[in-house]
Amino acid sequence: MTAAPEAAFDPEAFRAALREWYRNNHRPLPWRAKPGLYATVVSEFMLQQTRVETVLPYFERWMRALPDFESLAACSDERLLKLWEGLGYYRRAKNLREVAREWIRRHEPPRTATGWREFPGIGPYTAAAVASIACGDPSACVDGNVVRVLARLTGWAEPLPGGGAAAKLFQPLADKLLDRDDPGTHNQAVMELGATVCRRQKPLCLLCPVNRFCRARASGTAASIPRLPLKKTETRLVIRIWCRNGNRLLLHRAQPDAGRLANLHELPTAEALGLDPRKLPETARLLIRKKRAITRFIITEEIHEHPVQIDPRSVKADAGLVWMNVNDLETVALSGPHRRWVRELLAPAKPG
DNA sequence: AAATCGGGGCT
DNA sequence: AGCCCAGATTT
């Protein structure tokens, strides 16, 4: 049993230095420009396990299309998914809409982290973030950035537990350091520090406004803290079929209750078409081979042209297989990689 | 505690 | 190829 991480410095001195640095150095992010409850909730959902740079264009487009809780609550499945297309973790979009509906349903929306915690898709981090930023609730949020910053500040050289255990470990310290006069700004400042200065690789300790409080900085161990549990990777090969009949393209749509990619379209796997992926006919020409990483899987996907013409009427829609008009492809949601590959395969060959 | 959910960017 | 990212939920 190891002692809990503790700060060997004056919390108010830390807060003041961090506050001043943030005031002068924070990035002008769109959800900070015109802060409000709705913008805060939307941005925090998009930012779950997703980088700021990735979220930026999605956020701006989303706010133009669905500017408030009311328009989001009334949004159709199709439009919802289309706006989220390529962002990943698609359950977030449905949860976000459910938050909007619940927010409207309630007579008095919550103003504390504990209250927000009851909404779907809102865990410990997002509850604290929304409540502190939009409602001024004094709750400290602990995300990956905060864990890294606090681990280095305290010189936490031991391996960290996985999952939410690391956040739980540092929650008491985060609570102690929180600026209760402006918790939203303080929370964003710690995360901003982690994202831009106290980075995972190549931390910029020389530029850090709180380096005088940092044990890792003092011992020169910042780059090797925190120690995170290793993740095992696994490689896979997936054979997919390019099946085009005139201006129709065969796609597979995941079931609405599917665990992943619910309602999203992808190119069908060989199995989905009743083909043995190891025994494709010689005439099944390999069109492209792509590699992608999904969580712990490294997946090689091969797209083969189907050897024979398939009668559109012979494929049942209830199996999730759908014939899409290639001119209507932009109206449906595909997974990010498949969106790109389909465009690539439909593009006319380059001249020369 | 571990697995799962997607994807992109960087080393 | 590995690692991480403004995590949450299920098993």
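Every chain is numbered from 1 and lettered A, B, ... according to where its sequence line falls, protein lines coming before strand lines.
With sequence neighbours left out, W242(A) forms a ring-ring contact (aromatic ring centres under 6.0 Å, His included) with no residue at all. S71(A) pairs by the side-chain contact (heavy atoms from CB on, under 4.5 Å) definition with L66(A), P67(A), D68(A), not counting sequence neighbours. Under the rule for a ring-ring contact (aromatic ring centres under 6.0 Å, His included), F297(A) has no partner lying at least two apart in sequence or in another chain. Take D181(A) and apply the salt bridge (Lys or Arg N to Asp or Glu O under 4.0 Å) test, not counting sequence neighbours, and it matches no residue. Considering only residues two or more places apart in sequence or on other chains, S139(A) meets the side-chain contact (heavy atoms from CB on, under 4.5 Å) condition with A113(A), A128(A), A131(A), S132(A), D137(A). Looking at residues two or more places apart in sequence or on another chain, you find a side-chain contact (heavy atoms from CB on, under 4.5 Å) between E85(A) and K82(A), A333(A), L334(A), R339(A).
Residues from residues 169-196 of chain A placing a heavy atom under 4.0 Å of any atom in DNA chain C, listed by number, are M191(A), E192(A). Scanning residues 119-139 of chain A for heavy-atom distances under 4.0 Å to DNA chain C yields P120(A), G121(A), I122(A), G123(A), P124(A), Y125(A), T126(A).
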List, one per line, each side-chain donor-acceptor pair under 3.5 Å for residues 161-174 of chain A, sequence neighbours excluded.
from: Q171(A); atom 1: NE2; to: A140(A); atom 2: O; distance (Å): 3.0
from: Q171(A); atom 1: NE2; to: D175(A); atom 2: OD1; distance (Å): 3.0

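Contact annotation for R32(A): base contact, defined as any heavy-atom pair under 4.0 Å involving a base atom.
With a cutoff of under 4.0 Å to any heavy atom of chain A, the contacted region of DNA chain B is bounded 5' to 3' by dT4(B) to dG9(B). Contacts between chain A and DNA chain C, taken as any atom within less than 4.0 angstrom of a protein heavy atom, begin and end at dA1(C) to dT9(C).
The shortest heavy-atom contact between E20(A) and R23(A) is OE2-NH2, 3.0 Å.
Screening residues 113-139 of chain A for ring-ring contact (aromatic ring centres under 6.0 Å, His included) gives W116(A)-F119(A) as the qualifying pairs, with residues at least two apart or on separate chains.
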